[in-house]
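Every heavy atom of this structure was used, including side-chain atoms; hydrogens, water molecules and symmetry mates were not. Just so it is clear, the structure is predicted and the values come from calculations on it, not from any experiment.
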Amino acid sequence: MHYRLPSLQLRKFFAMARYLVRIVLLGAQSIGKAFAKTVRQEVEVYREAARVHAAQSATFNPTKTDAALKGMTLEEAQLILNVKDVLDRGEVENKFQYLFHANQKKGGGSFYIQSKVVRAKERIDQEIKKWEAQTVSQSESK
């Protein structure tokens with residue numbers, strides 16, 4: 001036993017189905033266009049960022065003694081060694097020796113902290129050398 005739709009109802013059903021298909025297709029087209037536009041914008045932003053990065057990289061030429069490569073700023077080194085004046089070699093050396101020996105592995109210290117103390121001392125020594133080079137060059141130019 002088959003149930004048969006009257007022809008008027010059948011025509012209305014197919015008309016509604018056609019409208020539904022149109023709505024779905026138009027929605028898919030709109031979403032596709034929006035997605036394509038978003039991807040184009042992202043590619044443009046990426047290219048701009050790459051251009052800016054290349055321009056900045058061309059002007060930034062770090063040396064081997066640069067703090068960015070060492071990974072520690074002068075302020076961090078001062079905090080680690082707890083020194084106020086980095087040019088006071090005696091204070092720097094005394095604090096370094098104390099912290100280095102206090103953090104030895106044999107005494108239950110931390111190798112990580114000990115290595116930070118060494119890096120801080122290296123960074124302060126680097127700053128002292130830079131300051132001495134400036135002082136020498138200024139005295140020679142006079």
Side-chain angles (χ1 to χ4, degrees), residues 2-6 8-142:
H2 288 311
Y3 177 73
R4 208 166 171 205
L5 292 173
L8 183 60
Q9 285 181 337
L10 192 59
R11 275 188 260 145
K12 284 183 181 179
F13 174 76
F14 284 123
M16 286 186 347
R18 253 183 291 157
Y19 288 128
L20 183 63
V21 168
R22 283 185 187 169
I23 290 170
V24 169
L25 287 176
L26 288 174
Q29 284 178 341
S30 297
I31 290 172
K33 287 179 183 178
F35 181 73
K37 183 178 178 182
T38 302
V39 168
R40 280 193 299 272
Q41 287 175 344
E42 287 298 318
V43 167
E44 188 65 31
V45 167
Y46 174 77
R47 286 183 181 156
E48 179 65 19
R51 187 188 63 74
V52 168
H53 179 70
Q56 287 176 346
S57 295
T59 60
F60 180 68
N61 190 11
T63 62
K64 295 229 185 243
T65 60
D66 195 22
L69 291 178
K70 287 278 189 188
M72 185 178 295
T73 65
L74 183 61
E75 291 78 20
E76 289 173 322
Q78 283 180 285
L79 287 171
I80 290 170
L81 291 181
N82 193 24
V83 292
K84 304 272 188 272
D85 183 18
V86 294
L87 299 178
D88 184 2
R89 288 179 181 246
E91 181 186 14
V92 170
E93 188 62 35
N94 288 338
K95 297 281 180 125
F96 168 73
Q97 289 297 328
Y98 172 75
L99 291 171
F100 185 82
H101 292 298
N103 287 295
Q104 282 186 341
K105 200 80 161 142
K106 292 178 185 176
S110 167
F111 177 73
Y112 175 78
I113 294 174
Q114 194 178 38
S115 66
K116 284 293 187 181
V117 168
V118 170
R119 298 295 164 253
K121 172 85 165 56
E122 288 175 350
R123 178 65 178 98
I124 290 175
D125 287 345
Q126 174 190 8
E127 196 64 27
I128 290 172
K129 285 179 186 174
K130 189 188 308 182
W131 182 78
E132 287 174 345
Q134 286 176 349
T135 306
V136 169
S137 67
Q138 287 176 356
S139 65
E140 289 175 355
S141 64
K142 289 182 181 179

Would you check if Met72 and Lys116 make a side-chain contact, meaning some heavy-atom pair closer than 4.5 Å? yes
Closest non-hydrogen atoms of Val83 and Val92, given as atom of the first, atom of the second and distance, are CG1-CA, 4.1 Å
Closest heavy-atom pair and its distance - Ala120, Ala77: O-CB, 3.6 Å
Pairs flagged by ring-ring contact (aromatic ring centres under 6.0 Å, His included) wherever residues 100-131 is involved - sequence neighbours left out: Phe96-Phe100
Quick one: CG on Leu81 to CG on Asn94, what's the gap to the nearest 0.5 Å? 11.0 Å
Applied to residues 78-91, the side-chain hydrogen bond (donor to acceptor under 3.5 Å, both in side chains) test, sequence neighbours excluded, yields Arg89-Glu132
Look up atom CZ in Phe13 and atom CG in Leu20, then write down how far apart they are to the nearest 0.5 Å. 9.5 Å
If you round to the nearest 0.5 Å, how far is OH of Tyr98 from CG of Asn103? 8.5 Å
How many angstroms lie between OG1 in Thr73 and CD in Glu127, if you round to the nearest 0.5 Å? 10.5 Å
For the CZ atom of Arg123 and the CD1 atom of Ile128, what is their distance to the nearest 0.5 Å? 11.0 Å
What pairs of residues pass the side-chain hydrogen bond (donor to acceptor under 3.5 Å, both in side chains) test when at least one of them lies in residues 21-46, not counting sequence neighbours? none
Do the side chains of Glu93 and Lys121 get nearer than 4.5 Å, heavy atoms only? yes
Heavy atoms of Ile124 and Val86 approach each other most closely as CG2-O, 3.7 Å
For residues Met16 and Lys12, determine if any side-chain heavy atom of one lies less than 4.5 Å from a side-chain heavy atom of the other. no
